[in-house]
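Worksheet for the structure shown next.
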Number of protein chains: 2
Amino acid sequence: MDTSAALAIFRKNLEKYVVFNEAEWIVFTQHLKFSLLKKKHYFAEPEKVCDKVGFALTGSVRYFHMKDGQDITGYFTFENEFVSSYKSYLTGQPGHIYIQALDDCRLITFTRNDMDQMLNNPLLAFKMERFGRLVAENCLCCYDDRITSFITKTPEERYLQLLSTGKEVLQRIPQHYIAHYLGITPVSLSRIRRRVMETVR
Amino acid sequence: MDTSAALAIFRKNLEKYVVFNEAEWIVFTQHLKFSLLKKKHYFAEPEKVCDKVGFALTGSVRYFHMKDGQDITGYFTFENEFVSSYKSYLTGQPGHIYIQALDDCRLITFTRNDMDQMLNNPLLAFKMERFGRLVAENCLCCYDDRITSFITKTPEERYLQLLSTGKEVLQRIPQHYIAHYLGITPVSLSRIRRRVMETVR
DNA sequence: TCAAAACGTTAACATAAGATAAGAAATAGG
DNA sequence: CCTATTTCTTATCTTATGTTAACGTTTTGA
């Protein structure tokens, strides 16, 4: 995949938020950088400000916390999705999470500074405000669903919900990471799976 | 509190997002309505599209789900905060939650239609895009913290965290509502409180 | 003011989850 | 290809939570 093909894919994926005309796209792309995040390397780390957003052309990442020396996975993103310690990016404050590549990731990135420049560039400002709004709003809806599932569902129900939404993309993810994503221990998820299997039978 | 005093308070509270000049403010306020939501009445209900956002001048509201005939509280907001079934407002799809007044609430409201008009009004569009973005981003940070607490903390730790953030405003809220907000049952919260008391002693 | 409803605690019991450890299976990486 | 690591399951034990019900207290609303 060459640079222009990658940009075309990125542009296509942005269309659910905003559509750039040619002039805008030229300026926008001047703020983009390509990078490779190799497997097990970190996109973000605690105590550090995450001043950038990435878009994964290929590869996937894992978001995790460290608590009492234990690594607790909170989220994943996959190809054609954004990657960032979003809260840190937004606030400019140090984040609390690790973001680690599960595979080699080909990324398109822009920094907070780039975004601020674009927000101050009359040619792009309006569209970037809208872009930022729509991304945040979209993200908010996902967060809302997730909080609701913690409030109203049991771990078993959350697991069944995850199965039913059938993100086959989760197939690749080790099960103990998924357990923490569901708010339980790997051992507990293993038991839930057995329970579910026996019930279905 | 008369109308102009109420508007002044609203304006002041919006300043953490955007600052309106006089011309903008005049247009903006033309889209606002005042209303009274009486105690126990609903601002939003499941199956209905919530097409508006409120700002509570006075009063507080409770957000809850119904599951198997049981009422499960997910959130609260208080005076000088926004009220909305935000996801429903954003998507235009029917919501899943009840929003019920805990006290009589004096509200300033605007509809989604009003917002869309303002987003299409050159005088206001840019500022409203930014407003929408900053509100969503701010909300996102709160949601992020909450999800993190479900992933990384025990119910007891979540309760202690809630105490320490010392929102005295929660003092007014019945404890069984807070239990569900923390993702546990009222009986369990009562036991946690006893445990904590005994430990402190 | 008074009866009804809501609220918080406690108890008893059943169930599920956490912690730890062990072992088998799958995977990774040289 | 082979070893080291990772991953998943299972077992045991402990602890926390859910469920239900009872009781006393407080609050509400007519």
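In the text below, chain A, chain B and the rest are named by the order of the sequence lines, each starting its count at 1.
In this structure, CD1 of A:Ile192 is placed 12 Å from P of D:dT9, rounded to the nearest angstrom. Rounded to a whole Å, the CD atom of A:Gln70 is 7 Å from the P atom of C:dA19. A:Met197 has its CE atom 13 Å from the C1' atom of D:dT9, to the nearest Å. In this structure, A:Arg158 places its CZ atom 13 Å from C1' of C:dA16, rounding to the nearest Å. As a whole-Å value, the separation of A:Ile178 CD1 from D:dT6 P is 18 Å. For A:Glu156 and D:dT17, the CD to C1' distance is 15 Å, given to the nearest whole Å. For the pair B:Lys39 NZ and D:dA30 P, the computed distance is 11 Å after rounding to whole Å. At whole-Å resolution of the value, CD in A:Glu157 and P in D:dT17 are 18 Å apart.
Salt bridge absent: B:Arg191 and B:Glu198 never bring a charged side-chain N and a carboxylate O closer than 4.0 Å. Between A:Glu157 and B:Lys67, at least one side-chain N (NZ, or NE/NH1/NH2) sits under 4.0 Å from a carboxylate O, which counts as a salt bridge. One finds a salt bridge joining B:Glu137 and B:Arg133 here, because a Lys/Arg side-chain nitrogen approaches an Asp/Glu carboxylate oxygen to under 4.0 Å. Contact check on B:Asp114 versus B:Lys33 returns no salt bridge, with no Lys/Arg side-chain nitrogen under 4.0 Å from an Asp/Glu carboxylate oxygen.
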Checklist entry - Are B:Ser149 and B:Arg158 close enough, and set up right, to give a side-chain hydrogen bond (donor to acceptor under 3.5 Å, both in side chains), and what steps lead you there? => result CA-CA 7 Å; B:Ser149 80; B:Arg158 289 201 292 280; 4.8 Å; no

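Helix bend of the helix from C:dT1-D:dA30 to C:dG30-D:dC1: the angle between its two end axes, each built from five pairs, comes to 70° after rounding to 10°.
By the 4.5 Å heavy-atom criterion applied to side chains, A:Leu124 and A:Phe20 are counted as neighbours.
For A:Tyr143 and B:Arg146, the side-chain atoms include no donor-acceptor pair closer than 3.5 Å. Side-chain contact of A:Thr73 with A:Arg62: a donor-acceptor pair under 3.5 Å is present, judged by distance alone. B:Asp51 and B:Thr111 share no side-chain donor-acceptor pair at under 3.5 Å.
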Checklist entry - What is the per-nucleotide protein-contact pattern of nucleotides 4-11 of chain C, from the 5' end, where B denotes a base atom under 4.0 Å from a protein heavy atom, S denotes such proximity for sugar-phosphate atoms only, and - denotes neither? => result ---SSBBB

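Between B:Thr185 and the phosphate of D:dT17, there is no side-chain N or O to OP1/OP2 separation shorter than 4.0 Å.
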